[in-house]
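All remarks here apply to the structure that follows.
Indexing begins at 1, ligand by ligand and atom by atom, following the structure's order.
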Amino acid sequence: MQLNCKVNVVNRLLPSAGQSGPSRLVWSNITLTENKSFVVELSLATARNKAGMKYKVTNNIEQIFSKFVSQGKLTLRFRQPAHDLCLSGEVKHMEKILAIVKGEVSQLKKGTLCPLLSNCTNKVVIPKTKLSILSRADYPVTTCFPETLTSLKISGIALKKFDRRLLYLKALEILDLSSNQITILPDSIHNLAKLKQLHLSHNEIKVLPSTFINSARVTCLDISHNQLGMIPSCISRVSGLQILKLDHNKIRSLPSTISKLRRLRTLTISSNEIRTLPESFQTLTLDHIDVFGNPFEKVQQEITLNPEDLTLKVATLRAISAKSTIKFKLKYTEEDLPATLITYLHESSTVCPCGKLCIDDGLAADGEINLFRVSGSVSGEKIVPMKMTLCNPACFQRFALKVVS
Ligand SMILES: [Zn+2]
């Protein structure tokens, strides 16, 4: 049996000799064979060492660490030489190796397999991890995308649909579909659990699905040059986001939840239709922001409090529940609270500049924000209007119409 997986060979004698060997996973070719004397051998070859290393398996395994075999990890501790082989690969392969070394199943067809062939070890196939498709002719139609891909670029080939086959590339970390004609993204794009970068610039996407991505691993999201009218409030769930590019869309406003992106450092929203920024914006800490080319409203300099705003409003049950959940810092899961309340909690809470929480019961007011307060460098207008929610008339007098700087 031959298969490819990543292997880290740990020499247990090195630490006792005061040395430490290299510790890294290397793509290797593993061959398990049984010789005429029914002795199972494991042969390990890498691209550098094609001759490979042979380990006797029968009566030579000191210990098997198989706790994480369901995650594709397996460690074999050999007596002679004193090596630990830390294997990482497809689950089915790890299970197969485990079954063989345990002697539970004879995958080797006892007695029928020939001894290790000398040419077997020369075939170290390093699985493809990067793929770039820049012409229509290279697009795989009848074949599959390699499951081992960590980086995939499909750009400039007028792709009209998001290929659902991509959703099965579980190892994918970088996906670049820029410069195509994609209009709709699938809901299940969040299945790409290892995704770190998603490049979708220069497409025709109008709406982001509400379950877009909720992985904290994603650090870079580029959806510039599309047709987006809004950004869903669930963007806050991409909590590891550091770079967010939304330039050249038709976005009218940003969700207040954007302030929950605590790791965000670069935000570009140039050439959109944004008139005001949400109040929560002032809690961001950015290195760079680009707001160039937006039709920001001019803030009225004289404004009086509408008497209707001062009349006592009866809070809704939903607002009371939401407030209590936040006030008592209740930890909840999707099983504890109704979905509508969870969405409401994510979207509707704003904080008055005095620090008090407003849910549905604040006074709306216009203010201005000096963007240098939230970002080290600013492209475009420096002072822009901001929608504020103030908890009571006293705060209105105190904060409304003042530049927060
Ligand atoms: Zn207040």
Side-chain angles (χ1 to χ4, degrees), residues 230-237 239 252-264 267 269 274-286 289 291 294 296-332 337 340-375 378 381-405:
M230 62 164 292
I231 298 297
S233 55
C234 67
I235 191 86
S236 60
R237 295 182 195 166
S239 56
R252 289 179 160 268
S253 62
L254 293 174
S256 62
T257 50
I258 200 160
S259 63
K260 292 184 178 160
L261 299 174
R262 307 308 304 170
R263 294 190 182 157
L264 194 64
L267 175 63
I269 47 172
I274 298 171
R275 293 171 185 274
T276 60
L277 292 178
E279 175 208 8
S280 60
F281 211 79
Q282 40 187 320
T283 59
L284 287 172
T285 315
L286 305 172
I289 186 167
V291 296
N294 280 287
F296 287 118
E297 279 172 2
K298 284 221 164 16
V299 176
Q300 284 176 279
Q301 287 307 311
E302 282 185 28
I303 192 164
T304 49
L305 203 51
N306 188 342
E308 279 180 22
D309 289 337
L310 297 173
T311 52
L312 191 65
K313 288 181 196 162
V314 179
T316 63
L317 190 58
R318 190 172 62 170
I320 295 169
S321 314
K323 255 189 170 173
S324 303
T325 308
I326 295 169
K327 186 179 172 186
F328 298 110
K329 294 181 180 165
L330 299 180
K331 287 189 176 157
Y332 58 86
L337 298 179
T340 49
L341 182 57
I342 293 179
T343 312
Y344 186 72
L345 275 163
H346 278 283
E347 295 174 6
S348 308
S349 60
T350 52
V351 181
C352 174
C354 76
K356 199 178 160 194
L357 192 74
C358 306
I359 289 184
D360 263 4
D361 55 357
L363 300 168
D366 295 322
E368 286 178 325
I369 179 169
N370 183 340
L371 289 179
F372 276 116
R373 188 172 175 263
V374 295
S375 179
V378 179
E381 293 185 44
K382 311 295 181 267
I383 294 175
V384 294
M386 173 179 73
K387 283 282 176 223
M388 304 172 87
T389 309
L390 303 160
C391 69
N392 59 35
C395 279
F396 188 92
Q397 295 296 339
R398 197 172 147 206
F399 296 109
L401 294 176
K402 286 187 183 163
V403 177
V404 184
S405 58

Taking every non-hydrogen atom, the tightest pair across L341 and R318: CD1-O, 3.8 Å
Return all protein N, O or S atoms below 2.8 Å from the Zn ion (ligand 1), chain by chain in residue order. C352 SG, C354 SG, C391 SG, C395 SG
Under 3.5 Å: donor-acceptor pair, side chain of N294, backbone of F296: no
Partner set under side-chain contact (heavy atoms from CB on, under 4.5 Å) for S324, not counting sequence neighbours: I320, F328
S280: side-chain contact (heavy atoms from CB on, under 4.5 Å) partners, not counting sequence neighbours: S256, S259, P278
Please give me the minimum heavy-atom distance between V374 and F281, naming the atom from each residue. CG1-O, 3.4 Å
Test of understanding: with side-chain contact (heavy atoms from CB on, under 4.5 Å), list the residues that count as partners of R252, not counting sequence neighbours. E273, R275
